[in-house]
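Sequence positions, counted from 1, serve as the residue numbers for this chain.
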Amino acid sequence: MELHESEQKYADFFDRAPVPILILFACVLNLLIESMARQRIFGGFVYLFEKPLPFLLGMLLILTTLSVSLLVRRRVPVLLLISSAWLLLGIINAVVIGMRAAPLSGIDFAILRSCLPIVKVYLTWWQVVLIAVGLVGLVFLLVRVFKKARRYRVHLGREGSAFLATVLSLITVYMLSVRVGAVSAKLPELMNAYDEYGFVYCFSMSVLDRGVTEPEHYSENDANALANTLRKSGDGSAADRPDIVVVQLESFFDAKRLDGMAYSENPVPVFDALMETYPSGRLRVPLVGAGTANTEFEVLTGIPLEIFGAGEYPYTTILREESCESAASICRSLGYGTHALHNNSGSFYFRHEVYGNLGFSTFTPLEYMNDVELNSLGWAKDSTLTSFIGDCLDAEDGPGFVFAVSVQGHGLYPTDYEPGEDDILVYGVEDEDQLSRMSYYVNEIHDMDAFLAELTEFLERRSERTGRECVLVLYGDHLPSLSLDYDEVTFTDGSDAFDSEYVIWSTADLGLENADLETWQLMPRLFSALGLRGADGSGLVYRCHEKYGNTRSFLSSVSMIGYDMLYGERYAWGGKNPIGEVDFRMGLCNIVITSAEETEDGVVLHGENFTPSSSVRKNRWYTKTEFVSPGELLLPGEDLSEGDVFTVVQRSEDFVTLGSCEPFTVRGDTAES
């Protein structure tokens with residue numbers, strides 16, 4: 001292909017001096033990406049002068065990927081493709097930060113499918129169309145450039161040496177940066193890490209760094225020696241044990257902590273009263289604005305996320321395949337019934353796969369719920385959970401352990417919210433969009449606070465009726481994504497954006513004092529006060545808490561147990577499943593078809609426990625399904641024939657099959673299942 005004279009001049013220069021061009025590209029890209037991450041026009045330049053070594057490391061990471069273009073003949077299209085990928089990641093990160101405060105990490109792409117149903121909350125239809133058009137345009141440009149691109153000669157000696165030099169420079173600067181403390185190999189508080197070390201480095205670590213590193217002295221003897229030491233504390237007993245209910249409150253915190261803001265009335269009077277009366281304190285959570293699954297992982301397992309890879313969500317990686325001891329498995333070993341609830345989609349963070357591996361017997365998500373009241377954004381109200389918590393406890397003859405994850409406080413917080421006559425008013429906010437967000441949020445947590453009053457009253461009445469004591473743990477999973485710059489926000493109590501709150505309500509005195517805790521300390525501290533230890537020597541992580549507490553031996557012991565349990569040979573459990581076999585099912589009650597009839601409107605299926613998420617498969621194919629009631633589904637326009645097989649399937653909005661009933665076969669005027 002003939003090139004224009006000016007194009008030929010640039011092409012010749014790129015052929016003679018490709019490395020300087022790539023260095024310039026990498027530097028400009030890093031400046032743009034860091035400016036977008038800080039949401040300031042010159043944020044990248046400020047970062048360059050304040051953190052030169054981390055900036056250099058990020059630039060070398062980009063340069064290393066760009067240097068791949070030196071090893072192929074069609075240099076320009078490959079360079080454009082890689083540059084576009086980095087720029088696109090920077091843009092996505094800026095958008096994500098604006099929506100939820102927490103930055104983009106590699107794990108976000110793992111849960112992308114389950115995020116699709118909530119796109120309507122975060123993006124308007126025209127924004128979705130604009131994104132689609134932009135992506136199509138980018139693909140078209142890349143294809144056009146590829147077709148017209150000049151083919152360069154690849155000198156393996158020169159280009160290969162340049163690529164190798166880039167890789168070696170990257171390794172050298174990385175080792176130097178870690179040695180002098182300019183960056184860290186572990187990123188426990190991801191949002192702070194992104195600010196300190198830059199998007200490029202942190203995002204790359206979140207993609208590459210996975211799992212728990214094998215301890216230096218990991219062996220069968222070492223694992224068994226530690227396990228035997230921990231098991232000397234003895235086992236717990238299921239006798240006279242209380243019901244235990246844990247509620248993780250979505251984006252819930254005491255908004256009065258925000259300095260400079262005032263309200264027409266206290267948004268959380270019930271929570272305040274509980275904290276004044278019962279054991280409570282600050283709870284140090286791992287993320288801000290997002291990361292619900294990581295907070296609940298630390299709460300349930302007692303394992304600090306810092307032993308895992310950078311920005312890792314164990315729910316989306318190892319726990320989909322491997323079992324892990326948790327508060328649920330400990331209770332289950334002691335004769336408790338173990339149940340999980342979530343008034344949102346069951347497929348989000350793969351909870352429908354994970355909860356069984358944590359020792360829960362049942363999981364009831366939104367797809368298995370009826371009579372759910374929604375708020376103005378379409379999130380289920382938390383008051384929905386009260387009756388389901390009662391149902392889970394009533395399902396057991398003995399004590400029950402119920403873990404409920406709420407959703408009402410979820411964003412994206414609207415910029416067009418107008419307070420009603422009875423709403424709480426917010427003062428001290430000048431920006432109208434921010435005032436709208438705060439007004440919506442404050443009134444939602446006020447509603448959630450009323451749910452706490454309802455729940456504690458319900459559990460107290462139930463305890464009086466059953467004669468069994470009850471413990472209720474309440475905490476916020478993370479602070480909300482209110483489009484606040486949490487680096488600049490100050491709090492009236494001297495806390496920061498990683499501090500949520502917790503309270504432990506109970507019908508009996510637990511002997512616990514107020515204390516500020518890390519998330520992973522909450523449940524082990526409660527179980528220690530209750531004298532709950534796993535039967536047959538199980539619950540080793542919780543025993544680590546009891547044995548080592550805040551000593552230096554704690555983290556190394558938990559790392560040994562965590563690695564052995566999730567990635568190693570399970571020496572501490574004799575090579576067996578650490579939680580035993582779990583008969584896990586979706587939904588507290590089975591969905592059943594009892595009969596089918598043909599009407600003038602179509603086929604009507606009668607049965608039990610249908611929900612609005614029920615879809616019917618007739619023979620091999622899904623058919624249009626209308627929810628009439630928990631006992632009736634209508635299949636419009638369908639007819640009934642002998643031998644037809646009907647199956648009710650519970651599907652999430654991202655079309656994940658969560659469960660199904662036993663097939664129902666039509667036999668003449670009768671039917672068999």
Checklist entry - Do you see a donor-acceptor pair shorter than 3.5 Å between the side chains of T317 and E312? => result yes
Checklist entry - Taking only residues two or more places apart in sequence or in another chain, which ones pass salt bridge (charged side-chain N to carboxylate O under 4.0 Å, His left out) with E325? => result none
Item to check | Side-chain heavy-atom pair L385, H342 within 4.5 angstrom cut-off | outcome: no
Checklist outcome for this item: What one should report as the nearest heavy-atom pair of P215 and M560 is CG-CA, 3.9 Å
Checklist entry - For Y174, which residues count as a side-chain hydrogen bond (donor to acceptor under 3.5 Å, both in side chains) partner, sequence neighbours excluded? => result none
Checklist entry - Given D536 and S538, is the side chain to side chain donor-acceptor pair (under 3.5 Å) satisfied, shown in steps? => result CA-CA 6 Å; D536 301 321; S538 61; over 6 Å; no
Next on the checklist: Would you say that L532 contacts I244 through its side chain, given a criterion of any heavy-atom pair below 4.5 Å between the two side chains?
Outcome noted: yes
Checklist entry - Would you say the side chain of Y475 lies within less than 4.5 Å of the side chain of E501, judging by non-hydrogen atoms? => result no
Checklist entry - Does the side chain of F49 come within less than 4.5 Å of F55's, by heavy atoms? => result no
Item to check | Contact check, side chains of V247 and I389, non-hydrogen atoms, under 4.5 Å | outcome: yes
Next on the checklist: For the backbone of T229 and the side chain of R543, can you confirm whether one donor and one acceptor N or O come within less than 3.5 Å of each other?
Outcome noted: no
Item to check | Check: Y349 ring centroid to Y355 ring centroid under 6.0 Å | outcome: no
Next on the checklist: Does the plane of the ring in Y201 sit parallel, tilted or perpendicular to the ring in Y197? Use 30° and 60° as the thresholds.
Outcome noted: perpendicular
Checklist entry - With ring centroids as reference points, do Y571 and Y218 lie under 6.0 angstrom apart? => result yes
Next on the checklist: For a quick test of reading the model, state the closest non-hydrogen atom pair linking G359 to R332 and the distance between them.
Outcome noted: O-CD, 3.3 Å
Item to check | Shortest non-hydrogen contact between N357 and E322, atoms and distance | outcome: CB-O, 3.4 Å
Next on the checklist: I need the F363 CZ to L358 CG distance, nearest 0.5 Å.
Outcome noted: 11.0 Å
Item to check | Value rounded to 0.5 Å, distance of CZ in R210 from CD1 in I318 | outcome: 11.5 Å
Item to check | Shortest non-hydrogen contact from G398 toward D243 | outcome: O-OD1, 4.3 Å
Checklist entry - Between T364 (side chain) and L588 (backbone), is there a donor-acceptor pair under 3.5 Å? => result yes
Checklist entry - Could you state the interatomic distance from OH (Y548) to OG (S556), rounded to the nearest 0.5 Å? => result 7.5 Å
Checklist entry - Would R320 and Y315 satisfy side chain to side chain contact (heavy atoms under 4.5 Å, CB included), going step by step from the backbone distance to the final call? => result CA-CA 6 Å; R320 296 180 66 189; Y315 272 27; over 6 Å; no
Checklist entry - Counting only N and O atoms by type, is there a donor-acceptor contact under 3.5 Å from the side chain of S333 to the main-chain atoms of A535? => result yes
Checklist entry - Are the side chain of D449 and the backbone of F271 linked by a donor-acceptor contact shorter than 3.5 Å? => result yes
Next on the checklist: As a quick check of understanding, evaluate side chain to side chain donor-acceptor pair (under 3.5 Å) for S463 and R468, giving each step before the final call.
Outcome noted: CA-CA 5 Å; S463 178; R468 182 180 294 114; over 6 Å; no
Checklist entry - Can you list every side-chain hydrogen bond (donor to acceptor under 3.5 Å, both in side chains) pair that touches residues 516-526, not counting sequence neighbours? => result Q521-N550
Item to check | Spacing of L226 atom CG and H217 atom NE2 [to the nearest 0.5 Å] | outcome: 13.5 Å
Checklist entry - Under a 4.5 Å cut-off applied to non-hydrogen side-chain atoms, are P304 and F554 in contact? => result yes
Next on the checklist: Testing the 3.5 Å rule here: is there a donor-acceptor pair between the side chains of T295 and D477?
Outcome noted: no
Checklist entry - Short question: side chain of D382, backbone of F451 - any donor-acceptor pair under 3.5 Å? => result no
Next on the checklist: Using the rule given for side chain to side chain contact (heavy atoms under 4.5 Å, CB included), can you reason through C470 versus W505, listing the C-alpha separation, both sets of side-chain angles and the distance that settles it, and then say yes or no?
Outcome noted: CA-CA 8 Å; C470 183; W505 174 94; 4.3 Å; yes
Next on the checklist: Is it the case that over 12 heavy atoms from other parts of the model lie below 6.0 angstrom from the NZ atom of K256?
Outcome noted: yes
Next on the checklist: Could you measure the distance from the NE2 atom of H339 to the SG atom of C331? Nearest 0.5 Å is fine.
Outcome noted: 11.0 Å
Item to check | Any side-chain donor near an acceptor of the partner, N221 and S219, under 3.5 Å | outcome: no
Checklist entry - Does the side chain of E396 come within less than 4.5 Å of S361's, by heavy atoms? => result no
Checklist entry - Side chains of S528 and E546: is there a donor and an acceptor less than 3.5 Å apart? => result yes
Item to check | side-chain contact (heavy atoms from CB on, under 4.5 Å) partner of I504, chosen from L474, V471, V246 | outcome: V471
Checklist entry - In Å, rounded to the nearest 0.5 Å, how long is the span from CG of L283 to NE2 of H478? => result 12.5 Å
Checklist entry - Strictly under 6.0 Å, is that where the ring centroids of Y542 and F527 end up? => result yes
Item to check | Under-4.0 Å salt bridge between D496 and R282 | outcome: no
Item to check | Residue pair Y563 / E214, side-chain donor-acceptor N/O under 3.5 Å | outcome: yes
Item to check | CA sep, side-chain torsions, deciding dist, call: E250, S406, side chain to side chain donor-acceptor pair (under 3.5 Å) | outcome: CA-CA 5 Å; E250 170 64 43; S406 92; over 6 Å; no
Next on the checklist: If you apply the rule side chain to side chain contact (heavy atoms under 4.5 Å, CB included), what do you find for L522 with E298, and how did you get there?
Outcome noted: CA-CA 9 Å; L522 179 60; E298 287 197 334; over 6 Å; no
Next on the checklist: Testing the basics here: between Y313 and G291, what is the closest heavy-atom pair and its distance to 0.1 Å?
Outcome noted: OH-CA, 3.2 Å
Checklist entry - Is the backbone N or O of A572 less than 3.5 Å from a side-chain atom of D564, with the two atoms forming a donor-acceptor pair by type? => result yes
Checklist entry - Counting distance only, does the side-chain N/O of N93 pair as donor-acceptor with the main-chain N or O of L104 below 3.5 Å? => result yes
Item to check | Stepwise side chain to side chain contact (heavy atoms under 4.5 Å, CB included) check, E34 with L48 | outcome: CA-CA 9 Å; E34 295 302 337; L48 166 61; over 6 Å; no
Checklist entry - Do side-chain atoms of R231 reach the backbone of G537 as a donor and acceptor pair under 3.5 angstrom? => result yes
Item to check | Salt bridge present between K576 and E581 (N-O < 4.0 angstrom) | outcome: no
Checklist entry - Does the D209 side chain pair with the main chain of M205, one donor and one acceptor, at a distance under 3.5 Å? => result no
Checklist entry - Is there a donor-acceptor pair under 3.5 Å between the side chain of R351 and the backbone N or O of G346? => result no
Checklist entry - Which pair of non-hydrogen atoms, one from P279 and one from E513, has the smallest distance, and what is that distance? => result CB-O, 4.3 Å
Checklist entry - Side-chain contact, heavy-atom cut-off 4.5 Å: L526 with V473? => result yes
